[in-house]
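Read through the structure below, which is laid out as structure tokens, and then see the notes.
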Amino acid sequence: MDEVRVPSPQELKRILRRGVAEVIPEGELERLLMEGRLLRLKMGFDPTRPVVTLGWAVGLRKLRQLQELGHRAVLIIGDITAQIGDPSGQSETRPMLSPGEVEANAQAVLEKFFLILDRERTEVRRQSEWFGPFGLREVVALAAKATVAQMLQREDFAQRYRLGRPIALHEFIYPLLQAYDSVAVGAHVELGGTDQKFNILMGRELQPYYGQPPQCALLMPLLIGLDGQRKMSQSLGNYIAIDAPPHDMYGKLMSLPDNLIVHYLELLTDVPDEELEDIARGLQEGKLHPMDAKMYMAKEVVAQFHGLEAAQEAEEEFVRVFRARQVPTAAPTFPVPMQPDKTSFVDLTRVLVDAGLVPSRSEARRLLSQGAIEVDGEMVRTPRVLVRHGSIVRVGKHRFLRIVDAHSS
RNA sequence: GGCGGGGUGGCGGAGCGGCCAAACGCACCUGGCUGUAAACCAGGCGCCCUGAGAUGGGCUACGCAGGUUCGAAUCCUGCCCCCGCCA
């Protein structure tokens, strides 16, 4: 087991300030880090979907920074709480999942986490390890540790209560279970988004009951999603997946509102603070074109996940396809049986649906009538068109399909 | 347990026997403008069929199941669920 390293002042600042919303209690975490003792860094997740968004990357990157000092990440798979549904930041109850779904999701999520985390310094635990043997006696004892008034302090509970929206009783159990996780793994620090503040503090409160020192909370700002309004989340659909291919990730980043450029640079890249300030100032004073800044941001972020080379290529592709309006180098292909002369009459509505580019033929017809579809650069308005081997079908701005001969592939 | 209110499209929310595939807003999609940004303008936004298209046909849809009617999201019956007040 390797040594824990005490951070330099610069590192300390980077860890505790950059991309951090709040450290609770102030100063405590710094002291722990300077002591040089191995810290157990808890981060939990509910495997409700097999998707990891860039929003998660913010916390994962922070965790990684701490791992580099030699500390240990303790990931907790919320295989129990996922079946309850975390109300945090939600205004409604989530559906419950089956154990099979939960486990499959957990595996998918973990794989993506390790795109950022150091596997060697990570411990993966499941709530079922300790909640499996939990009995009614324990549940009631746990529930006795908090009051209804406390629960109603939490923003979303308070709001739902005020608005007369339902709050199921089991939802009150959720923060307690998550808090008990901290006890079960002996967490020194728990990382999470600011929306997790209540739950994390609950853990802090619970630990002393079990003879443990209270954990620190390291809270990260929530990454704003593609809509530029709400936090990035899979359920809102305003997200970029952490494992999105480079060009896709780049394109989505470019579609972000301008005012998010610095936000993303700060939370998802290692671009130094001074440079960040320069960019922010440049944008504000109009000396820096937002598009240039955004391209820089997009490239930096993509580079974090795919390397600089891939990021560079993604940028070139972006410029080629959207600025020069040329066809992309790579497009999904769709085989079509052709005549000996390598051409074929096809019904585009069928092709697009079969290729998965459009959800239904009705939708395809609409797109046709709206002039959103072109074949080899020519706008088409009728479904039946002549295509040849290698024809490019473009739907809207960024959906492409390359038609190939089914016989000759 | 009692009394009252309510369940409509991804969300909010109208409609309360035919003109309803369902107003309006949001979200979303497409086109225009552009920097694949925002804003703005225009259009679209259940599914399927009609060898081109549709102001053309058909099928599903307003909590669930039945019923009344030529015709139901709209009326009736039963059931399920939610909310509020009282206990």
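Below, chains carry the letters A, B, ... as their sequence lines are ordered, and counting in each starts from 1. Because the structure is a prediction, the values reported are computed rather than measured.
Listed by first then second residue, pairs satisfying side-chain hydrogen bond (donor to acceptor under 3.5 Å, both in side chains) with a partner in residues 373-388 of chain A read A:Asp376-A:Ser391, not counting sequence neighbours. Each ring-ring contact (aromatic ring centres under 6.0 Å, His included) pair with one or both residues in residues 248-294 of chain A, not counting sequence neighbours, appears once here: A:Tyr250-A:Phe318.
Every side chain to side chain contact (heavy atoms under 4.5 Å, CB included) that A:Val395 has, sequence neighbours left out, goes to A:Leu352, A:Leu357, A:Val358, A:Leu367, A:Ile373, A:Val393, A:Arg399. A:Ala104 meets the side chain to side chain contact (heavy atoms under 4.5 Å, CB included) test with no other residue; sequence neighbours excluded. In this structure, the side chain to side chain contact (heavy atoms under 4.5 Å, CB included) partners of A:Gln326, at least two apart in sequence or on a different chain, are A:Arg320, A:Ala324. Residues forming a side chain to side chain contact (heavy atoms under 4.5 Å, CB included) with A:Pro337 (at least two apart in sequence, or on another chain): A:Ala406, A:His407. Under the salt bridge (charged side-chain N to carboxylate O under 4.0 Å, His left out) criterion, A:Asp347 pairs with A:Arg350, A:Arg361, sequence neighbours left out.
Comparing A:Arg230 and A:Ala372, the nucleotide of RNA chain B nearest to each residue sits closer to the 5' end for A:Arg230. Where A:Ile373 and A:Tyr250 each meet RNA chain B at their nearest nucleotide, the meeting point lying more 5' is that of A:Ile373.
If you take atom P in B:G9 and the same atom in B:G4, they sit 27 Å apart, rounded to whole Å. Rounded to the nearest Å, the gap between the C1' atom of B:C19 and that of B:U55 is 15 Å. B:C16 and B:A73: their C1' atoms are spaced 8 Å apart (whole Å). Between B:C81 and B:G63, the distance separating the two C1' atoms is 7 Å to the nearest Å. Separation of the P atoms belonging to B:U8 and B:U74 is 13 Å when rounded to the nearest angstrom. Taking atom P in both B:U60 and B:A72, one finds a spacing of 13 Å when rounded to whole Å. With C1' as the reference atom, B:A21 and B:U77 are 28 Å apart, rounded to whole Å. For the P atoms, the distance from B:C59 to B:A52 is 22 Å, rounded to whole Å.
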Under 4.0 Å protein heavy-atom contact, by nucleotide of nucleotides 48-59 of chain B - B base, S sugar-phosphate only: BS-SSS------
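Nearest heavy atom pair, residue A:Leu206 against residue A:Leu176, reads CD2-O, 4.1 Å.
With rounding to whole Å, A:His398 atom NE2 is found 19 Å from B:U34 atom P. For the pair A:His289 NE2 and B:A37 P, the interatomic distance rounds to 12 Å; values are reported in whole Å. Rounded to an integer number of Å, the gap from NZ of A:Lys252 to P of B:A37 is 15 Å. Atom CZ in A:Arg366 sits about 7 Å away from atom C1' in B:G44, given to the nearest Å. Taking atom CG of residue A:Leu352 and atom C1' of nucleotide B:C29, one finds them 14 Å apart after rounding to whole Å. The CD1-P distance, from A:Ile261 to B:G35, rounds to 15 Å in whole Å. In this structure, CE of A:Met254 is placed 12 Å from C1' of B:U34, rounded to the nearest angstrom. Between the CD atom of A:Gln229 and the P atom of B:C26 there is a distance of 13 Å, rounded to whole Å.
A:Gly251 comes within 4.0 angstrom of a base, heavy atoms only. Backbone-only engagement by A:Arg399 is indicated by non-hydrogen atom pairs under 4.0 Å involving sugar-phosphate atoms exclusively. Among the protein residues, A:Lys294 comes within range of the nucleic acid bases, having at least one heavy atom under 4.0 Å from a base atom.
Below 30°, between 30° and 60°, or above 60°: for A:Phe45 and A:Trp56 the angle between ring planes is above 60°, a perpendicular geometry.
The shortest side-chain heavy-atom distance between A:Gln127 and A:Tyr180 does not fall under the 4.5 Å cut-off.
The stretch residues 277-285 of chain A has no heavy atom under 4.0 angstrom from RNA chain B at all.
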Just the table, please: protein N/O against nucleotides 38-41 of chain B N/O, every pair under 3.5 Å.
none

task: Return one dot-bracket line describing RNA chain B 5' to 3' (Watson-Crick or G-U wobble pairs, both distances under 3.5 Å; ( ) same strand, [ ] crossing, | another strand, . none).
output: ((((((((.[[[..)..(.....]]].(((((.......))))).((((......))))...[[[[[..)....]]]]]))))))).
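Between the side chain of A:Asp79 and the backbone N or O of A:Val102, no donor-acceptor pair lies under 3.5 Å. A distance-only check finds no donor-acceptor pair linking the side chain of A:Glu190 to the backbone of A:Leu219 [under 3.5 Å].
Counted by atom type alone, A:Tyr239 and A:Asp227 present zero donor-acceptor pairs between their side chains at under 3.5 Å. A side-chain donor from one of A:Gln304 and A:Arg61 sits under 3.5 Å from a side-chain acceptor of the other.
Evaluated for a salt bridge (Lys or Arg N to Asp or Glu O under 4.0 Å) with A:Glu123, the options A:Arg121, A:Arg125, A:Arg119 yield exactly one hit, A:Arg125.
Evaluation of atom-type donor-acceptor distances gives a pair under 3.5 Å for the side chain of A:Gln370 against the base of B:G43.
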Identify every side-chain donor-acceptor pair in residues 292-300 of chain A under 3.5 Å, counting partners at least two apart or on other chains, and give the distances.
| residue | atom | partner | partner atom | Å |
| --- | --- | --- | --- | --- |
| A:Lys294 | NZ | A:Met254 | O | 3.2 |
| A:Lys294 | NZ | A:Leu256 | O | 2.5 |
| A:Lys294 | NZ | A:Asp258 | OD1 | 3.1 |
| A:Tyr296 | OH | A:Glu275 | OE2 | 2.5 |
| A:Lys299 | NZ | A:Gln312 | OE1 | 3.4 |

